[in-house]
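Fair warning: this is a prediction, and the values are worked out from it, not measured in the lab. The basis for the numbers below is simple: all heavy atoms, side chains too, and nothing from hydrogens, waters or symmetry mates.
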Amino acid sequence: MRATISSDEQSRTFIENARRAQIVRAAIETIGELGYHATSFAQIAKRAGLSSTGMISYHFRGKDDLMHAVMTEVTGAAAAYMVPRLEAASDHRAMLHAYIESNLDFVRDHPADVKALLAIMRASLTVGGGGEWLGAAIELIAEHFAAGQRAGVFGEFDPMVMAITLRQSIDGIHWLLAVDPDTDVAAFAGELVATFDRATGPAQQ
């Protein structure tokens, strides 16, 4: 999958893009550790090794703009992590398995990124895109279920209801990890795969 480069990115110098990436990374780690509301430009600047918050203000129009950049970074990283495994799946059921497993593997391997994304989506009413991103993700899952039904791989159920159930089930790992950081994420993924295999059922029993 080829990366898409925006016109804004093309117009910036290499150094400017590197500085923005440094600030975004520091924001991710700070939000992941402290939460959305406790995160300030001063804390982000300190973590990024910047002499003042002015450098952040130079690259971002404000906190909302920076939060947009964080969301774009994390969702882009998640897509890059998951898409190769989804594309390698041989059929609709294998793709369902790959979606669950790769999603939870990303949660396990990028905890700060996921915490930051969730914190922004839950806490900020002014940063647009969080609800749109989630809605788009659910729509894609529903379309996959519907396509699998047409192919005779899945049984009869409401694709949208099943898509919402799947997304919420995957997101349940965040509560478990908050309660028990040593939760076996791979085992959780295995249970979800088995559960949704039963729930979606083959068209012919």
Side-chain angles (χ1 to χ4, degrees), residues 1-5 20-36 39 47 66-124 127 129-145 148 162-197 199-200:
M1 185 177 66
R2 298 180 64 182
T4 301
I5 300 176
R20 282 176 61 90
Q22 178 188 11
I23 293 169
V24 168
R25 186 71 245 166
I28 289 171
E29 293 174 0
T30 304
I31 298 167
E33 178 183 344
L34 302 178
Y36 176 82
T39 294
R47 189 179 291 264
L66 177 54
M67 295 306 103
H68 272 295
V70 168
M71 292 179 66
T72 299
E73 171 65 22
V74 177
T75 55
Y81 187 97
M82 295 171 61
V83 165
R85 290 167 65 172
L86 295 175
E87 291 180 339
S90 57
D91 58 27
H92 290 88
R93 190 163 296 282
M95 188 175 290
L96 171 61
H97 295 180
Y99 180 81
I100 295 171
E101 292 166 349
S102 63
N103 203 314
L104 288 165
D105 284 349
F106 183 81
V107 170
R108 179 198 61 208
D109 296 341
H110 301 82
D113 301 64
V114 173
K115 286 180 182 178
L117 178 63
L118 291 175
I120 294 169
M121 291 176 66
R122 290 169 179 166
S124 177
V127 178
E132 294 175 7
W133 172 82
L134 181 59
I138 291 173
E139 287 282 354
L140 285 174
I141 300 170
E143 290 171 8
H144 172 74
F145 280 136
M162 190 66 74
I164 293 170
T165 303
L166 175 58
R167 188 63 255 170
Q168 293 297 314
S169 297
I170 290 172
D171 290 342
I173 192 66
H174 305 303
W175 175 82
L176 277 179
L177 289 171
V179 174
D180 179 11
D182 295 325
T183 294
D184 188 333
V185 178
F188 184 91
E191 287 290 337
L192 282 192
V193 166
T195 296
F196 280 92
D197 269 346
T200 56

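Note that CZ of Phe106 and CG of Asp113 are 5.0 Å apart. Values are rounded to the nearest 0.5 Å. For the atom pair CG (Leu104) and CG (Leu177), the distance works out to 9.0 Å, reported to the nearest 0.5 Å. Between atom CD1 of residue Ile28 and atom CE of residue Met71 there is a gap of 11.5 Å, rounded to the nearest 0.5 Å. In this structure, His97 NE2 and Phe196 CZ are separated by 11.0 Å, a value rounded to the nearest 0.5 Å. One finds the CD1 atom of Ile120 at 14.5 Å from the NZ atom of Lys115 (value rounded to the nearest 0.5 Å). Rounding to the nearest 0.5 angstrom, the gap separating the CD atom in Glu101 from the CG atom in Leu96 is 9.0 Å.
Smallest separation of non-hydrogen atoms from Ala98 and Ser102: O-OG, 2.6 Å. Scanning both residues, Ala112 and Arg25, for their nearest heavy atoms gives CB-NH2, 4.4 Å. Nearest heavy atom pair, residue Ala27 against residue Leu66, reads CB-CD2, 4.1 Å. Shortest non-hydrogen contact noted between Ala89 and Ala94 is CB-C, 3.7 Å. In terms of heavy atoms, Thr30 sits closest to Arg47 at OG1-NE, 2.9 Å. Residues Arg20 and Ala69 come closest through the heavy atom pair NH2-CB, 4.5 Å.
Each of Leu118, Ile170, Ile173 was checked for a side-chain contact (heavy atoms from CB on, under 4.5 Å) with Val107, and the lone residue meeting it is Ile173.
Side-chain contact between Leu166 and Ile100 is present, with heavy atoms from C-beta onward closer than 4.5 Å.
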How far apart are the C-alpha atoms of Arg108 and Asp184, what are their side-chain angles, what is the distance that settles it, and do they pass the salt bridge (Lys or Arg N to Asp or Glu O under 4.0 Å) test? CA-CA 9 Å; Arg108 179 198 61 208; Asp184 188 333; over 6 Å; no
Could you walk me through whether Val74 and His110 pass the side-chain contact (heavy atoms from CB on, under 4.5 Å) test, one step at a time? CA-CA 9 Å; Val74 177; His110 301 82; over 6 Å; no
Might you work through the side-chain contact (heavy atoms from CB on, under 4.5 Å) test for Met67 and Tyr36, ending with a clear yes or no? CA-CA 10 Å; Met67 295 306 103; Tyr36 176 82; 3.7 Å; yes
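The stretch residues 166-177 participates, sequence neighbours left out, in these side chain to side chain donor-acceptor pair (under 3.5 Å) pairs: Tyr99-Arg167, Arg167-Asp171.
Residues forming a ring-ring contact (aromatic ring centres under 6.0 Å, His included) with Phe188 (at least two apart in sequence, or on another chain): none.
Remark: the backbone N or O of His144 is not paired with any side-chain donor or acceptor of His92 at under 3.5 angstrom.
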